[in-house]
Amino acid sequence: MTVASHGHPSGASDPIERRLDLPAVQTTTRRNKTTELLRHAFLRGDLVPGQRLKELELCAALNVTRPTLRDAMGKLVHEGILVQIPYKGVSVAEFSPQEILDVAETRFALESQAALRIAKQDNGYGLAALRRALQEHIAALESGDEVEADLAHLAFHRVLYEVSDSPLLARIWPLIAARIQMAIMTDYAARHDPRRNKELHTRLVEVIEGGNEAAIVEEIRRHVIESAEEVVFVIESQLARPPSNASS
């Protein structure tokens, strides 16, 4: 019996030449683009809390198939921007005043730790990254592009977690990012104030650079807790306000 050069009997099929029955790699470009467009519609306020999404209308508007749309919506459900309601479909998530305060308390604990760790770094890497994120946020605010400003705002806080030299905080970020995004959007809807936004983040970076631990914690408290309380006050005042067409 003659042996082939690969060590297999001549005439036997070579495993390397066998046809592999594997699934084809699918591109995610359209799904990612659809996800991005839906997220931007949410940031712009085109999709409002509690609104039910109609698949056929969205498919027509976005020029995508239903499977692509459903994949994109599934990602946003995972992020917390959308919610899947049994027998009713998918709706835009609602963010109650109590949720705003709950998220703020969690953020205060996490972001205080992140800021303190960045302030203690000897190499200044985290602070430099935070300054760059601040400049990008300010540039987006000054451009007047509301969507980019909100995304840059979210990116600023992502950097705060990711450059803190804490693997745990970096892993926590994806779990809380959607809630922070909702808080940012709710704040924007309640009070459109780019100048205040710029001043808050500039002062936060300056305080972290100063290195005073008590001042850093107090600034995070002002940045997160007080801001959330102010937003809740605005929302509750709006809810208590009678409709403009109400009889006097």
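Bear in mind the structure is a predicted one, so any value in this text is a computation, not a measurement. Every heavy atom of this structure was used, including side-chain atoms; hydrogens, water molecules and symmetry mates were not.
- For the pair Q84/M73, no side-chain contact is recorded, criterion being any heavy-atom separation below 4.5 Å from C-beta on.
- Between the side chain of T202 and the main chain of E199, no donor-acceptor pair closer than 3.5 Å is present.
- A perpendicular orientation is assigned to the rings of H201 and H137, their planes being inclined by more than 60° (bins at 30° and 60°).
- Under a 3.5 Å cut-off, the side chain of E136 and the backbone N or O of A155 do not form any donor-acceptor pair.
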Take L53 and V92 through the side-chain contact (heavy atoms from CB on, under 4.5 Å) test and state the conclusion after the steps. CA-CA 7 Å; L53 302 188; V92 181; 4.1 Å; yes
Assess whether side-chain contact (heavy atoms from CB on, under 4.5 Å) is satisfied between I208 and L160, documenting all intermediate values. CA-CA 11 Å; I208 293 173; L160 186 68; 4.2 Å; yes
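- Connection of L200 to L110 is not established within any shared hydrophobic cluster, with ILVMFWY side chains joined at heavy-atom distances below 4.5 Å, either directly or through further cluster members.
- Ion pairing between R203 and E206 fails under the 4.0 Å rule for side-chain N and carboxylate O.
- Judged by distance alone, with hydrogens and angles left aside, the side-chain atoms of S112 form no donor-acceptor pair with the main-chain N or O of A109 at under 3.5 Å.
- Taking the six-membered ring for Trp and the full ring otherwise, the centers of H223 and H157 sit less than 6.0 Å from each other.
- For residues 51-71, there are no ring pair (Phe, Tyr, Trp, His ring centres under 6.0 Å) pairs, not counting sequence neighbours.
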Test side-chain contact (heavy atoms from CB on, under 4.5 Å) on L62 and L38; report intermediate values, then the result. CA-CA 9 Å; L62 298 169; L38 288 174; 4.1 Å; yes
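- Annotation: side chain of R70 is in contact with side chain of E55 (closest heavy-atom distance under 4.5 Å).
- Proximity of V207 to R222: side-chain heavy atoms (C-beta onward) are nowhere separated by under 4.5 Å.
- Side-chain contacts under 4.5 Å among hydrophobic residues (ILVMFWY), followed directly or transitively, place F233 with no other residue at all.
- Here the side chain of R52 pairs a donor or acceptor atom with the backbone of K88 at under 3.5 angstrom.
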